[in-house]
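A short write-up of the structure that comes next.
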Amino acid sequence: MGVGGTHEAKTTYREAMREALRQALRSDDRVFLMGEDVGRYGGCFGVSLGLLEEFGPERVRDTPLSESAFVGAGIGAALSGMRPIVEIMTVNFSLLALDQILNNAATLLHMSGGQLPVPLVIRMTTGAGRQLAAQHSHSLEGWYAHIPGIRVLAPATLEDARHMLAPALADPDPVLIFEHGSLYNVSGELLPSTAPVDLDHAAIRRPGTDISLITYGGSLPKALAAADELAAEGISAEVIDLRTLRPLDDAAITVSVARTHRAVVVDEAWRTGSLAAEVSARIAEESFYDLDAPVERVCSAEVPMPYARRLEEAALPQVADIVAAAHRAVD
Amino acid sequence: MSLAHPTRTRKDSAPPKAGKRTTTTRGNGRAGVPSGRGDTGHRTDLLESMLRIRRFEERCVELYSAAKIRGFVHLYIGEEAVAVGINEALTPEDAVVSTYREHGHALARGITAEAAMAEMYGRTTGCSGGRGGSMHLFDASRRFYGGNAIVAGGLPLAAGLALADHMRGQPHVTCCFFGDGAFAEGEFHETANLAALWKLPVLLVCENNLYAMGTALERHEAQTDLAMRAASYGMVAWAVDGMDVEAVEQAARRAVEGVRTGTGPHFLELRTYRFRAHSMYDPDRYRHKAEIERWKERDPISLLTDRMRENGELGDDALARIEQGITDEIDHAVEAAEQAPEEPVEHLFHHVTSSSAEAVH
């Protein structure tokens with residue numbers, strides 16, 4: 001189910017990610033995949049299915065449920081010249097490895113005076129929407145975006161799922177990739193020729209003139225749906241996909257707001273101390289005189305994510321919430 | 001023969017008796033075991049290496065009191081035999097991962113007193129360019145990976161360094177130093193499991209100095225027999241008199257040889273003691289003076305010096321020459337650090353990422 005065929009076939013986000021992993025493993029002997037259930041099970045979310053058979057247990061390496069040890073081992077292997085891709089099942093579990101990510105991966109280069117770069121990629125799922133309750137559903141990528149020394153990516157499209165991994169591996173520093181769980185089954189056509197993603201820049205997913213909807217990851221489809229609804233009402237919404245949460249592409253935000261004069265930030269994390277808070281603050285700092293209305297934010301309700309479907313839906317940003325926020329800014 | 005050293009030998013926190021090695025092992029490890037060189041020249045080298053660490057740190061105390069160096073400074077005084085003895089068994093291609101009490105490991109590994117002292121001063125000529133200080137000494141060229149100030153935080157790194165060597169078929173060993181306090185951290189147990197499961201070429205070196213910061217071993221561990229606990233992960237583990245540099249070297253050579261044969265991680269518990277407080281900030285109210293004095297009777301430097309004197313291998317003149325050489329070396333290191341440039345503030349954002357020479361948003 002690769003993407004390189006002559007006929008355009010439907011590809012899922014999951015398959016696009018798998019193809020990116022396959023290419024990485026094929027093209028560089030230093031690359032190996034390591035994490036919980038990545039081998040025999042085929043990946044907790046099916047992303048690495050078949051890779052064990054193709055590359056063997058040395059390079060597609062099942063680990064114990066020891067987040068700190070296998071993330072730290074990834075750092076050590078990276079220090080020694082390998083190019084590990086470490087998979088953590090969810091961002092909630094990554095907290096067990098936070099010491100290694102923050103105190104080692106992000107700081108070794110600086111503490112060593114530039115001697116010890118850590119060329120490591122860590123992938124994990126994030127986000128809610130699948131009734132997995134409060135220990136499998138949170139969106140903590142904003143916490144990681146707080147940390148200097150690492151790059152934080154949030155592929156939201158098939159193209160980014162397929163083409164962000166190669167430049168992430170080429171980065172000499174640690175890169176965290178957050179894959180929203182609700183995106184894995186998204187499907188579409190993927191052109192085989194798409195170039196590697198420029199990891200320094202946000203993308204305009206839909207141009208517009210009346211308002212900027214600024215988002216990333218799992219909220220992108222919702223923002224695009226909201227833009228469709230707004231277009232039907234005659235409101236032209238520009239949708240910005242941040243793609244890289246650290247370092248943030250300030251210029252993309254500033255230029256868009258200068259054009260639209262209004263902004264809604266959509267972020268599935270909790271509002272307090274969120275990436276949405278950071279983006280809003282930057283708009284206030286850099287685009288204050290361009291604004292015709294206060295910046296709006298659409299975030300998750302400040303509760304641990306509930307299991308019950310109706311409550312989970314109520315806690316999450318929905319298309320209607322984004323449309324309502326846009327109306328508040330425009331009206 | 002027990003799996004590990006009997007706990008009762010440590011109940012009263014008494015030092016091991018002179019001349020009576022506490023080494024125990026899982027099996028008969030004598031056959032084919034490489035030992036230390038055991039000749040006069042070699043013992044002189046061991047003595048000089050231990051004295052360099054001791055005098056370096058004594059100077060650090062003075063400089064700290066004079067406010068020339070700052071931060072948390074954790075002294076190794078009393079534990080020198082461990083760093084020196086273990087290092088004898090390692091090659092330059094092997095890797096070393098260390099803790100925040102790493103001056104001894106760094107100097108034994110060959111980081112010069114000059115580079116280490118400049119780091120204490122936070123100068124650009126320091127072995128970490130002034131970004132690390134006392135707790136974060138690094139030298140990539142010597143495969144010396146810190147300098148880790150989170151207890152047990154270096155253990156997963158060591159597993160990864162070993163994994164890389166293992167995957168590439170390199171015959172190198174990764175040696176990881178940590179203290180008895182690390183046994184209370186999950187990272188020790190996660191790493192021991194992973195390393196034993198994957199048969200990684202790691203030498204785990206526990207410096208059991210009986211205190212995790214200010215908390216005594218029996219007050220922080222439910223089971224104080226550390227080698228036995230390590231052995232429970234399926235690795236060869238034994239305890240060694242950490243005050244006798246030659247005993248340490250002998251054990252280290254045996255353990256490193258075992259690791260190199262591909263049988264997976266080995267564990268050494270070095271029974272040692274720090275004569276100073278946990279750090280320069282620590283008033284050391286939790287230990288009895290008598291206990292410290294008892295351990296000082298087995299000062300690793302005196303122990304070796306006495307042995308060499310008894311054997312007629314060391315005279316006053318020779319010792320004085322060694323001492324003078326080290327004094328000159330450290331004088332020079334301090335002078336060089338005093339005169340070394342301070343990094344301009346414009347460089348603040350250097351080394352945040354590999355490409356960052358300016359502020360990164």
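Just so it is clear: chains get the letters A, B, ... in the order the sequence lines come, proteins before strands, and each one is counted from 1.
When side chains are defined from C-beta on, B:Arg168 does not count as touching A:Asp29, because their heavy atoms never get closer than 4.5 Å. Counting heavy atoms from C-beta on, the side chains of A:Arg61 and B:Met167 come closer than 4.5 Å. Between B:Leu163 and A:Met34 the shortest side-chain heavy-atom distance falls below 4.5 Å.
Of the listed residues (A:Pro64, A:Ser68, A:Gly149), the greatest number of heavy-atom pairs within a distance under 4.5 Å of chain B belongs to A:Ser68. Put simply, of A:Gly114, A:Ser112, A:Pro174, A:Pro119, the one with the most heavy-atom pairs under 4.5 Å next to chain B is A:Ser112. By number of non-hydrogen pairs under 4.5 angstrom with chain A, the leading residue of B:Thr174, B:Leu197, B:Asp165, B:Asp139 is B:Asp139. The most heavy-atom pairs under 4.5 Å with chain B, out of A:Gln100, A:Glu58, A:Arg59, come from A:Gln100. For the set B:Gly160, B:Ala159, B:Gly130, the count of heavy-atom pairs under 4.5 angstrom toward chain A peaks at B:Gly160.
A distance of 10.5 Å separates CG in A:Leu109 from CZ in B:Phe138, rounded to the nearest 0.5 Å. One distance of note links CG of B:Leu348 with NE2 of A:His110; it measures 7.0 Å at 0.5 Å rounding.
When heavy atoms are compared at a cutoff of 4.5 Å, A:Leu116 approaches chain B solely by way of its side chain, counted from C-beta outward. Interface residue A:Asp62: only backbone heavy atoms are found under 4.5 Å from chain B. When heavy atoms are compared at a cutoff of 4.5 Å, B:Leu200 does not approach chain A at all. Contact of A:Thr63 with chain B is made through backbone and side chain together, with heavy-atom distances under 4.5 Å.
The stretch residues 94-128 of chain B places B:Cys127, B:Ser128 near chain A, each with some heavy atom under 4.5 Å from a heavy atom of that chain. Interface residues of residues 177-196 of chain B toward chain A, defined by a heavy-atom distance below 4.5 Å and sorted by number: B:Glu187, B:Glu190, B:Thr191, B:Asn193, B:Leu194. Residues of residues 145-158 of chain B having a heavy atom under 4.5 Å from any heavy atom of chain A, listed by number: B:Tyr145, B:Asn148, B:Ile150, B:Gly153, B:Pro156, B:Leu157.
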*May I have the step-by-step check of side chain to side chain contact (heavy atoms under 4.5 Å, CB included) for B:Arg143 and A:Ser80, ending in yes or no?*
CA-CA 9 Å; B:Arg143 298 200 80 200; A:Ser80 201; 2.9 Å; yes

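Although no hydrogens or angles enter the test, the distance criterion places a donor-acceptor pair under 3.5 Å between the side chain of A:Asp173 and the main chain of B:Ser354.
The number of heavy-atom neighbours closer than 6.0 Å to CD of B:Glu93, taken from other residues, nucleotides and ligands shown, is above 12. Summarising the local packing, CD of B:Glu342 is surrounded by 12 or fewer heavy atoms from other residues, nucleotides or ligands at distances under 6.0 Å. The neighbour count for B:Trp198 CH2, taken as heavy atoms of other residues, nucleotides or ligands under 6.0 Å away, is above 12. Counting heavy atoms of neighbouring residues, nucleotides and ligands inside a 6.0 Å radius, atom NE2 of B:His220 exceeds 12 of them.
Residues passing the ring-ring contact (aromatic ring centres under 6.0 Å, His included) test with B:Tyr64: none are found, sequence neighbours excluded.
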